[in-house]
Each structure stands twice: as structure tokens, then as C-alpha cells.
Amino acid sequence: MAQPGEARLLLGSPIATEIRAAVKLDVAAFQRLNGYAPALAVVLVGADAPSAVYLRQILRTCRTVGIDGRLVELSGEVSGVHLRRRILELNDDPLVSGIIVQMPLPHDIPLSVVTDAIDPAKDVDGIHPLNAGRLLLGHPGFVPTTAQAAVELLKRSGIELRGKEVVVVGRSNVVGKPAAILLTREDATVTVCHSRTADLAHHLLSADVVVVAAGHPGLVNGAMLKPGATVVDIGINVVNQAAVDQGPGGLVLVGDVDFASARRVAGAITPVPGGVGPVTNALLMTHVLQAARAQVEAATTSVIPVGVVRQ
Ligand code: NAD
């Protein structure tokens, strides 16, 4: 419960629970009809610790909803050619419905190795250029889940977006840019700020809604916000607790927003953890189911779905 003078908390878990419950029913129906469960292949290149935590959460969510979560582990020494070959094999496996590849990749492998190899029909996190183009044009396709989760959390929490001034902090292809496009679709007036924005605070002060995805703890604080603004903190940063609240030390997760000061000024705010993250995972499950259904339909009608690129 928010105390007087404190922002309402926008919690992701109840929304995620609702989404998962609906997907679970639909996955069971899919399995009854088709004799197999939708499957998500999660490709991990190298044992990167923060990614591994995120991975475990995804695989747990898969189990919760009845999706077959498959971990595909590749050594951190793997070559781009080998990674591409492995993705093409997963594209060709009729029992794999969706594929995600954990980022970051090893430095010597360009991101395009993954984005261009993944079959757009299995690209459940919307990283293939075809899905990115569809998003831009407003055509149906897979949307990056984190960006979608931020917007879904706002909508399901009853935050009005139409005609509102929204500032997105961050312009990455996976989060900031798609979030800005989706928010524009909701009839918000969107400003995108980034590392070269001259005066971030100036933009933030007139924002009704602030969506932050920069990867910098404490980048946005209460003094930068318009009173009553809604704040969605997408950032996930692993920091030493002593640096946050003089606590006993040890590693903790924080967002990009200085929660304590922002909560005193904002009208509503997402916590980290417990805000966007759970919704992201739950939405990923809906994408896997959507992919599985489209693939069955394509197989039974012998029509290659728009976007299936034979490599
Ligand atoms: P990225 O590094 O690719 O992009 C960061 C963006 O922030 C860039 O566009 C950059 O211009 C901008 N930026 C950096 N410093 C800035 C500054 N001082 N002022 C304004 N803008 C600045 O990161 P990303 O992949 O977009 O991820 C952003 C954050 O979101 C990270 O903390 C990441 O861990 C988190 N994330 C969360 C989820 C989730 O499910 N909640 C999923 C993916 C990423």
C-alpha cells in the first residue's frame, strides 16, 4: 500500500500471474489438439551470470505454463559460423516453436549473426529485421517482449496514454526504440532521450509518463520528475547494496531510477525487481504459443507463413 505522499506501486507480478494463467489454459488446449507442447529453445552462449539468472526464470515460467523450455548451451568460445549453424538447426526442427538467444554475445560475434539467422516465424523476441519492420509499419509480427511489457503494464494498470507526454530514456533496438513505437501506437506523444541528449532533466520535467531503459542506476531521480508522473523503470542493474542504502553489502538488483526520491514525487512507479520483469517473461510465453499455432496452421494449409525465410 502506498503511504500518503508516496507513489502507487505498479506491480508486475499480479499482471504476470493473470497472463500466465490464460496461457496455461491455451497451451493445454494446444497440446490436446496437436499431441505436443509448444517449445521454446533458449540459446545461451557462454556462462554469463546475469543472463543465467534471467534464463532460469524463463525456464521456470515455461514449466509453469506447460511450455517445453529447452536450454541450448554453447561454449563462450563458439564461432559465429557455429552459432549460426545451431540456430538454423533449431529453425528446421518442427518441434521448436520459438527461439531466443541470450545477450550479450561474445565480443567477436556480431549481433547480425543471430538477428539474420533466426527464422522470423520463430523469432519470439522480435529481433529479426522483418519483425522490426513489421513493428514500425504496424503490421502483425513478434514485438520485443520487454518493450511490450512496459506498455502492457501501463495499460493494465489503468494509466492513460492517449494524448500524454511520454519520455522514453534509451534508444536500443531491443527496448527503447520498440517501446517508443508501441507508445506512439497508444496515441501518446513520445520523446526519445539517449546518451547524447543535452538536457535529460528538461525533457523529463514535462513528461506525464517516463519509461527508462538505459542501464545506469540512479540516472533518473525525483527532482527530475513532474509531480504525479508515472514512472516505468525497465533497467536491471546488479550493484553492491552498500552503494544503494548503506546496507550490509552483497549484490542486489536495482533499476535506472532512484526509487526512494522518485517515489516521493511520482504518482505511480514500478519497483525493481517486481515491475516490468515478470510481465516480460509472461508475455514471452504468449509469443511462443502464438508461434506454435501459426506453424501448425502453416503446416496444415501448406502455406508458408509470411516471414518464414528458408535459409
Ligand atoms: P543498451 O545499453 O543497449 O541501451 C541503453 C540506452 O540508454 C542507449 O540507447 C543509450 O543511448 C541510453 N543511455 C545511456 N546512458 C544514458 C544517459 N546518461 N542518459 C540518457 N540515455 C542514456 O541497453 P538495453 O538493452 O536497452 O537495456 C537497458 C536496460 O534495460 C538495462 O538495464 C537492461 O538490463 C534492462 N533490460 C531489462 C529487461 C527487463 O525485462 N526488465 C529486458 C532487457 C533489458
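Just so it is clear, the structure is predicted and the values come from calculations on it, not from any experiment.
In this structure, the side-chain contact (heavy atoms from CB on, under 4.5 Å) partners of His202, at least two apart in sequence or on a different chain, are Asp199. For Glu89, the salt bridge (Lys or Arg N to Asp or Glu O under 4.0 Å) criterion is met by Arg86, not counting sequence neighbours.
In this structure a side-chain-to-backbone donor-acceptor pair under 3.5 Å is missing from Asp123 to Ile118. Remark: the backbone N or O of Asp233 is paired with a side-chain donor or acceptor of Thr270 at under 3.5 angstrom. Formation of a donor-acceptor pair under 3.5 Å by the Ser97 side chain with backbone atoms of Ala39 is found in this model. Asn91 places a side-chain N or O within 3.5 Å of a backbone atom of Ala117 that can act as its donor or acceptor partner. In this structure, the side chain of Ser157 does not engage the main chain of Ile159 through any donor-acceptor pair within 3.5 Å. With Ser79 contributing its side chain and His82 its backbone, the two residues share a donor-acceptor pair below 3.5 Å.
Using a 4.5 Å heavy-atom threshold, the side chains of Val45 and Gln102 count as separate. Side-chain atoms of Asp256 and Val220, non-hydrogen and from C-beta on, never get closer than 4.5 Å to each other. Contact of the Asn237 side chain with the His216 side chain is not registered, since no non-hydrogen atoms from C-beta on lie closer than 4.5 Å. A heavy-atom distance below 4.5 Å is not found between the side chains of Leu40 and Asp68. A 4.5 Å side-chain heavy-atom check between Leu59 and Gln57 finds every atom pair outside the cut-off. Side-chain contact between Asn281 and Tyr54: present, with at least one pair of heavy atoms (C-beta onward) separated by less than 4.5 Å. Counting heavy atoms from C-beta outward, Ser206 and Glu165 have side chains that stay 4.5 Å or more apart. Under the 4.5 Å side-chain criterion, counting only non-hydrogen atoms from C-beta, Leu95 is in contact with Arg70.
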* Trace of the side-chain contact (heavy atoms from CB on, under 4.5 Å) decision for Val252 with Val239 -> CA-CA 6 Å; Val252 289; Val239 297; 3.9 Å; yes
* To do: Could you walk me through whether Val168 and Thr191 pass the side-chain contact (heavy atoms from CB on, under 4.5 Å) test, one step at a time?
  => CA-CA 6 Å; Val168 176; Thr191 302; over 6 Å; no
* To do: Kindly indicate, with the supporting measurements, whether the criterion side-chain contact (heavy atoms from CB on, under 4.5 Å) is fulfilled by Phe30 and Ile67.
  => CA-CA 10 Å; Phe30 178 94; Ile67 284 175; over 6 Å; no
* Could you go step by step and tell me if Val279 and Ile15 meet the side-chain contact (heavy atoms from CB on, under 4.5 Å) rule? -> CA-CA 7 Å; Val279 183; Ile15 295 171; 4.2 Å; yes
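Distance CG/Leu83 to CG/Leu88: 9.5 Å, rounded to 0.5 Å. Between Leu10 atom CG and Leu154 atom CG the span is 7.0 Å, to the nearest 0.5 Å. The OG1 atom of Thr280 sits 9.5 Å away from atom CD1 of Ile58, with the distance rounded to the nearest 0.5 Å. Rounded to the nearest 0.5 Å, atoms CE (Met224) and CG (Leu219) are 6.0 Å apart. Rounding to the nearest 0.5 Å places OG1 of Thr300 at 11.5 Å from CD of Gln295. Thr230 contributes atom OG1, which lies 8.0 Å from atom CG of Asp208 (distance to the nearest 0.5 angstrom).
Arg156 and Glu18 are joined by a salt bridge, as a carboxylate oxygen and a charged side-chain nitrogen come within less than 4.0 angstrom of each other. Ion pairing between Arg162 and Asp187 holds under the 4.0 Å rule for side-chain N and carboxylate O. Here Glu6 does not pair with Arg264 in a salt bridge; the nearest charged N to carboxylate O distance is not below 4.0 Å. Salt bridge absent: Asp92 and Lys122 never bring a charged side-chain N and a carboxylate O closer than 4.0 Å. We find that Asp26 and Arg293 are joined by a salt bridge, their nearest charged nitrogen and carboxylate oxygen being less than 4.0 Å apart.
The hydrophobic clustering, which links ILVMFWY residues whose side-chain heavy atoms are closer than 4.5 Å, places Val96 and Leu74 together. Grouping the Ile, Leu, Val, Met, Phe, Trp and Tyr side chains by contacts below 4.5 angstrom, directly or via other members, places Val257 with Phe259. Using a 4.5 Å cut-off between side-chain heavy atoms of Ile, Leu, Val, Met, Phe, Trp and Tyr, with links allowed through other members, Leu253 and Leu251 fall into the same hydrophobic cluster. A chain of hydrophobic side-chain contacts below 4.5 Å, direct or via other Ile, Leu, Val, Met, Phe, Trp or Tyr residues, connects Leu90 to Met103. Hydrophobic clustering of Ile, Leu, Val, Met, Phe, Trp and Tyr side chains at less than 4.5 Å, counting indirect connections, keeps Leu205 apart from Leu225.
Among all heavy-atom pairs drawn from Ala147 and Val174, the shortest one is CB-O, 4.4 Å. Nearest heavy atoms, Ala213 versus Val175: CB-CG1, 3.5 Å. Nearest heavy atoms, Val265 versus Gly222: CG2-O, 3.6 Å. Of all non-hydrogen atoms in Pro38 and Val27, the two that sit nearest each other are CD-CG1, 3.9 Å. The two residues Arg20 and Val65 have their closest heavy-atom pair at O-CG1, 3.7 Å. In terms of heavy-atom proximity, Ile269 sits nearest to Ala262 at CD1-CB, 3.7 Å.
Gln148 pairs with exactly one of Leu182, Asp125, Leu153, Leu135 by the side-chain contact (heavy atoms from CB on, under 4.5 Å) rule, that one being Leu182.
Ring geometry for Phe142 versus His287: interplanar angle of 30 to 60°, hence tilted.
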